[in-house]
Amino acid sequence: MAQPTFSTHLGMVDILPGEVEQWHTLERIIHEEAKKFNFEEIRTPILEQTELIARGVGQLTDIVSKEMFAFERGEDQYVLRPECTAPVARAYVEHHLDQRGGTQNLYYIGPMFRAEKPQKGRQRQFHQFGAEIIGAQDPAADVDIIALMMSIYDRIGIRNTTLKINSVGDPESRKIYTKALKDYLRPHLAELSEISQKRFENNPLRILDSKEQEDQPIVDNAPVITDFLTDETADHYKRVKALLRELNISFVEDPHLVRGLDYYTRTAFELISPDLGAQDALGGGGRYDLLIEEIGGQPTPAVGFAAGIERLLIACEELDIKLAEEDMLDVYIVTLGEKARSWAIKHLPRLREAGLSASMDYIGRSIKAQMKDADRENARHVIIVGENELSEGKFVLRDMKASEEVALPFDDILEELSA
RNA sequence: GAGCCUGUAGCUCAGUUGGUUAGAGCGCCAGGUUGUGGCCCUGGAGGCCGUGGGUUCAAAUCCCAUCAGGCUCCCCA
């Protein structure tokens, strides 16, 4: 295959006609469900200040330490956003959205960027949708966020998923737990994988998430954070679980679930699909009560989720879920000769004004080629215009499915098709 | 960052132990139907066999390098 002069960058893909329709369907469902849950859309810039992401997401995370597309221009440090919770929190603080009163229920859809090695379900530019409830610390908020996420998957038809939840604690319980965990791990340190050894000092909680074979027996017997929660946080977790049960949202507790972003506190959750392969997380989220203060706002509790659209599409394909029908065209005008073509270009607007989708041949193809083209475009009707029709003022209207034709004045055709 | 796999037509892929002008299906264009789509028939266009080098009388085929892509580990959406 001859190499084209230009191609997309590694891990970035074009979404072509024929695929875009599925995105429209997904986006429509997301908008509709978000509206039902009384969430408002927010759109933030693709580029943020690097420092916002570094502080918000956490210096030690993989995302910040090695996956950012960052550059500088003049004095300013830019980064292509790798996720959208920190940007939404920034917008909340910057525009004093708390002054609108109550909680802010916000959702977003858009591209995110992480400089990882691409594989199935992982691209460098990928798309997420997500939602945040800012200003509520009640378990009802945690549960409504999860309910919104689940409701979107349910609408799409993806139901064989597993919701995993955990509580990653608040700073106080985490301090107690971290000490207990390190006390437990210290005698086993030499047996741990290299990467886990590196995490021992700066991020021991992440060792729990390890998928390294040699770590498994050690991790399996490690103390779990849920045994070290402060009373308040333990109660919060208990109430989240109770509410989920009442809503018939099934879940499994995973005491080793630790999400890769630093800002999570208390509730953490992840939605797993068996249809995805290696990258099996459809979406995830949790509570981040410290983030807004961290980036310069007032202490404000918040909870949210983010989910990947590409992974959703993979799951749909695996499950044979059809997201979009083929586009239909209402009318295709087939023309014979120069005069007919100029008649057609002048009459297309009237069809379109009547709310019909309408097109024609621009390149003087044969009638046969035009009919073929009309068929390819899924035209419901064809109007045939030639010398005879122009002189008689009656045009052939062909119903493509029924293969029936009538000759009518244009106004009658318009009326017929608008009916 | 590490491992494994794959590069032949627009797409999906054949291509025997190296051996004439490199094939199929689908798609595209045209004709069969001097003004009618789908089905059918016929024809046509379209390939530096990813790129560079080597072995050989001879390379899509063997060897080396390189580039690109896919999958996996790590991590995440």
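These numbers come from the heavy atoms of this one structure, side chains and all, not from hydrogens, waters or symmetry mates. All of these numbers come straight from a predicted model, not from anything done at the bench. Every chain is numbered from 1 and lettered A, B, ... according to where its sequence line falls, protein lines coming before strand lines.
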- Message: Classify A:Lys372 by what it touches in the nucleic acid, base, sugar-phosphate, or nothing, heavy-atom distance under 4.0 Å.
- Response: sugar-phosphate
Roughly how many Å apart are B:rC49 and B:rU8, using the C1' atom of each and rounding to a whole number?
4 Å
Ranking B:rU36, B:rC76, B:rU72 by distance to the side chain of A:Lys120, first place goes to B:rU72
Would one find a side-chain N or O of A:Gln119 under 4.0 angstrom from OP1 or OP2 of B:rC71? no
Q) Does A:Arg376 have a side-chain nitrogen or oxygen under 4.0 Å from the phosphate oxygens OP1 or OP2 of B:rC28? A) yes
Do other residues, nucleotides or ligands put more than 12 heavy atoms under 6.0 Å from the NZ atom of A:Lys394?
no
| request: Remember a base hit wins even if backbone is also touched, and classify A:Glu405 as base, sugar-phosphate or nothing at under 4.0 Å, heavy atoms. | output: base
Item to complete: For A:Leu282, answer base if it contacts any base atom (sugar-phosphate contacts may also be present), sugar-phosphate if it contacts only those atoms, and nothing otherwise; contact means non-hydrogen atoms under 4.0 Å.
Response: sugar-phosphate
>> Using a 4.0 Å heavy-atom cut-off, does A:Lys117 contact any base of the nucleic acid, only the sugar-phosphate backbone, or nothing at all?
In response: base
(Q) Could you tell me how far B:rG1 sits from B:rU17 if I compare only their C1' atoms? Round to whole Å. (A) 42 Å
Between the base of B:rU36 and the side chain of A:Gln370, is there any donor-acceptor pair under 3.5 Å? no
**C1' spacing across the pair B:rG23 / B:rC39, given as an integer number of angstrom** = 26 Å
- Flag this pair as yes if the NZ/CZ of A:Lys182 is under 6.0 angstrom from the six-membered ring centre of A:Tyr184 and inside a 45 degree cone about the axis; otherwise no. no
- Item | Enclosure of A:Arg43 CZ (heavy-atom neighbours >12, cutoff 6.0 Å) | no
B:rU34 -> Watson-Crick or G-U wobble partner, both distances under 3.5 Å, gives none
Could you tell me how far B:rU55 sits from B:rG46 if I compare only their P atoms? Round to whole Å.
34 Å
Among the nucleotides B:rU36, B:rA77, B:rG70, whichever has the atom closest to the side chain of A:Glu116 is B:rA77
Contacts satisfying salt bridge (Lys or Arg N to Asp or Glu O under 4.0 Å) that involve residues 306-319 of chain A (not counting sequence neighbours) are A:Lys120-A:Glu318
With a 4.0 Å cut-off on heavy atoms, is A:Asp373 in touch with a base, just the backbone sugar-phosphate, or nothing at all? nothing
Quiz prompt | Nearest-Å distance once atom C1' is located in both B:rA45 and B:rA9 | solution = 11 Å
Regarding the side chain of A:Arg365, the nearest nucleotide among B:rG35, B:rU72, B:rC29 is B:rC29
- Item | Separation between the C1' atoms of B:rC5 and B:rG38, rounded to whole Å | 41 Å
message = For B:rG37 and A:Arg380 - does any side-chain N or O of the residue sit under 4.0 Å from the phosphate oxygens OP1/OP2?
response = no
query = When all nucleic acid strands are considered with a 4.0 Å heavy-atom cut-off, which category describes A:Glu377: base, sugar-phosphate, or nothing?
reply = nothing
Heavy atoms under 4.0 Å, any strand shown: does A:Ile309 hit a base, just sugar-phosphate, or nothing? nothing
B:rU51 to B:rG7 separation - P atoms, rounded to the nearest Å
14 Å
